[in-house]
There are 2 protein chains.
Amino acid sequence: MQGASRIRLDEIDIRLLSVLQREGRISKTDLADRINLSVSACFERMQKLEQAKLIQSYHAVVNPAIFGNLQMFHAHIILKTHRAVDFGMFENYVRQISMITECYALGGGVDYSIKVFASTVSQYQRLIDDMLDANLGVDRYFTYIVTKVIKVRDLTVTELQDIRRDGDNDLLAG
Amino acid sequence: MQGASRIRLDEIDIRLLSVLQREGRISKTDLADRINLSVSACFERMQKLEQAKLIQSYHAVVNPAIFGNLQMFHAHIILKTHRAVDFGMFENYVRQISMITECYALGGGVDYSIKVFASTVSQYQRLIDDMLDANLGVDRYFTYIVTKVIKVRDLTVTELQDIRRDGDNDLLAG
DNA sequence: GGTGAAATTACGATGGC
DNA sequence: GCCATCGTAATTTCACC
């Protein structure tokens, strides 16, 4: 964590963050009401949280099916060689492909996991073929087509707090 | 897609969505400036897009390291039996576990992929052990610890448009 | 660090093009 | 479908506690 941790968060800050996480465009007046604070006090806290980058950004969520539904794919990827330069090349490649929305390096036998969005299976396969043709040293890949989305969400601040508390207990007990 | 597709989107709508996707808390006045529209015209379009649920929600992104960094895990899960009731039980279980932030049903040999956040490996393992103890009919599971996040982003409206266009070309050519 | 009131600016409805 | 106006409401500053 960067300079972010320099701020002490009290209950009010947590509630402020919780509300903004769920209602990113709520007016400051309504927000102040919600957390039982005067508008100006609320405003100052909000500014402080933004400046400290504890609030990183605000976004509208646009219906992803706006131009028709897309198919989601997961893939696991294993490289031929495992030097820093090999990883670097692969990572730079995926960063520039917009259809690849997520990429993680994994511990164990698989090097990378990627999430891909495409209109069709053949469009996805074209992306994979292009990747294989790009001399990135991909040894093997495994495609997992997503047949159903059961759950997708971000952790709320309350959940972050709960997980951390529970994890700390774990250390004491273990 | 629901009733959402009943609206024809022009260039101005796309730009409006693009701006709000990146700057979810921009004032309507600034938004209007940005897309070269009067405030009232901009306001009307924005309302229309919200009512049509093309804009689904607004959110503040809170620094997830606010209480210290969490470790991310991916897991693949295979059930013993594959009746609708087996899938239903598993899916209801993961829906109520907040540390599991994503869950997808996959085609092929693996039934489910989940994304889990935990403070420590042992906290993660406790979640898995609890899952195994819950009589969900889990046959096997594979844990993939995330060692590095290369990329995480949502698709922009422009990218959604591009993917769709490219996918349509694909159908014509193939 | 919190409040309340004042000046500035944004919002959202309405009527006209 | 876009623009201009206008009363109302929200925003942001500031002096004070």
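Letters A, B, ... are given to chains in the order of the sequence lines, protein chains preceding strands, and every chain is numbered from 1. Treat the numbers as computed from the prediction; the structure is a model and nothing was measured.
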Report summary line: Residues of residues 33-42 of chain B with a heavy atom under 4.0 Å from any atom of DNA chain D, listed by number, are B:Leu37, B:Ser38, B:Ser40, B:Ala41
Report task. Could you please spell out the steps behind the salt bridge (charged side-chain N to carboxylate O under 4.0 Å, His left out) verdict for A:Arg126 and A:Asp129? Result -> CA-CA 5 Å; A:Arg126 196 145 45 81; A:Asp129 291 344; over 6 Å; no
Query raised in the report: Given atom NZ of B:Lys28 and atom P of C:dC11, what is their separation to the nearest angstrom?
Result: 5 Å
Distance-only criterion, 3.5 Å: show the donor-acceptor pairs between side-chain atoms of residues 109-123 of chain A and protein atoms not counting sequence neighbours.
from: A:Asp111; atom 1: OD1; to: A:His82; atom 2: NE2; distance (Å): 3.3
from: A:Asp111; atom 1: OD2; to: A:Leu79; atom 2: N; distance (Å): 2.7
from: A:Asp111; atom 1: OD2; to: A:His82; atom 2: NE2; distance (Å): 2.8
from: A:Tyr112; atom 1: OH; to: A:Glu91; atom 2: OE2; distance (Å): 2.5
from: A:Lys115; atom 1: NZ; to: A:Glu102; atom 2: OE2; distance (Å): 2.8
from: A:Lys115; atom 1: NZ; to: B:Glu102; atom 2: OE1; distance (Å): 2.9
from: A:Lys115; atom 1: NZ; to: B:Tyr104; atom 2: OH; distance (Å): 2.8
from: A:Ser119; atom 1: OG; to: A:Gln123; atom 2: OE1; distance (Å): 3.1
from: A:Ser119; atom 1: OG; to: B:Ile163; atom 2: O; distance (Å): 3.3
from: A:Thr120; atom 1: OG1; to: A:Ser122; atom 2: OG; distance (Å): 3.3
from: A:Thr120; atom 1: OG1; to: A:Gln123; atom 2: N; distance (Å): 3.0
from: A:Ser122; atom 1: OG; to: B:Asp170; atom 2: OD2; distance (Å): 2.3
from: A:Gln123; atom 1: OE1; to: A:Ser119; atom 2: N; distance (Å): 2.6
from: A:Gln123; atom 1: NE2; to: B:Ile163; atom 2: O; distance (Å): 2.9
from: A:Gln123; atom 1: NE2; to: B:Asp166; atom 2: OD2; distance (Å): 2.9

Report task. Please list, by residue number, the residues of residues 13-27 of chain A whose heavy atoms come closer than 4.0 Å to an atom of DNA chain D; answer none if no residue qualifies. Result -> A:Ser27
Query - Full working for salt bridge (charged side-chain N to carboxylate O under 4.0 Å, His left out) between A:Arg22 and A:Asp154 - result: CA-CA 10 Å; A:Arg22 278 176 303 193; A:Asp154 277 332; over 6 Å; no
Query raised in the report: Within a strict 4.5 Å, meaning less than it, do heavy atoms of the A:Leu9 and B:Ile66 side chains meet?
Result: yes
**Report entry** Whole angstrom value for the distance that separates C1' of C:dG12 from CZ of B:Phe43
**Finding:** 5 Å
Report task. I would like to know whether A:Phe90 and B:Ile150 meet side-chain contact (heavy atoms from CB on, under 4.5 Å); could you show each step before the answer? Result -> CA-CA 10 Å; A:Phe90 182 81; B:Ile150 317 301; over 6 Å; no
Query raised in the report: Among B:Arg153, B:Arg164, B:Arg165, which one satisfies salt bridge (charged side-chain N to carboxylate O under 4.0 Å, His left out) with B:Glu159?
Result: B:Arg153
Query - Terminal axes of the helix from C:dT3-D:dA15 to C:dC17-D:dG1 (five pairs each): angle between them, nearest 10 degrees - result: 20°
**Report entry** Atom-pair distance (CD on A:Glu44; C1' on C:dG2), nearest Å
**Finding:** 8 Å
Query raised in the report: Can you check side-chain contact (heavy atoms from CB on, under 4.5 Å) on B:Gln56 and A:Val62, steps first, answer last?
Result: CA-CA 6 Å; B:Gln56 298 180 318; A:Val62 175; over 6 Å; no
**Report entry** Heavy-atom side-chain contact between B:Ile55 and B:Tyr58 under 4.5 Å
**Finding:** yes
Report task. Find the distance B:Gln51:CD to C:dG12:P and express it as a whole number of Å. Result -> 12 Å
Can you give each donor-acceptor pair under 3.5 Å made by side-chain atoms of residues 36-44 of chain A, sequence neighbours left out, with the distance rounded to 0.1 Å?
from: A:Ser38; atom 1: OG; to: A:Ala41; atom 2: N; distance (Å): 3.2

Query raised in the report: Out of curiosity, B:Ile128 CD1 to B:Asp133 CG, how far, rounded to the nearest 0.5 Å?
Result: 11.5 Å
Query raised in the report: Is a salt bridge present between A:Arg45 and A:Asp10, judged by a nitrogen-to-oxygen distance below 4.0 Å?
Result: yes
Query raised in the report: 5' to 3' on DNA chain D, which nucleotides open and close the contacts with chain B (atom under 4.0 Å from a heavy atom)?
Result: D:dG1 to D:dA4
Report task. May I ask you to check whether B:His74 and A:His76 place their ring centers less than 6.0 Å from one another? Result -> no
Query raised in the report: Do the side chains of A:Val61 and B:Leu54 join up, straight or via other hydrophobic residues, at under 4.5 Å, putting them in one cluster?
Result: no
Query - Most 5' of A:Ile12 and B:Gln47 on DNA chain C, judged by nearest nucleotide - result: A:Ile12
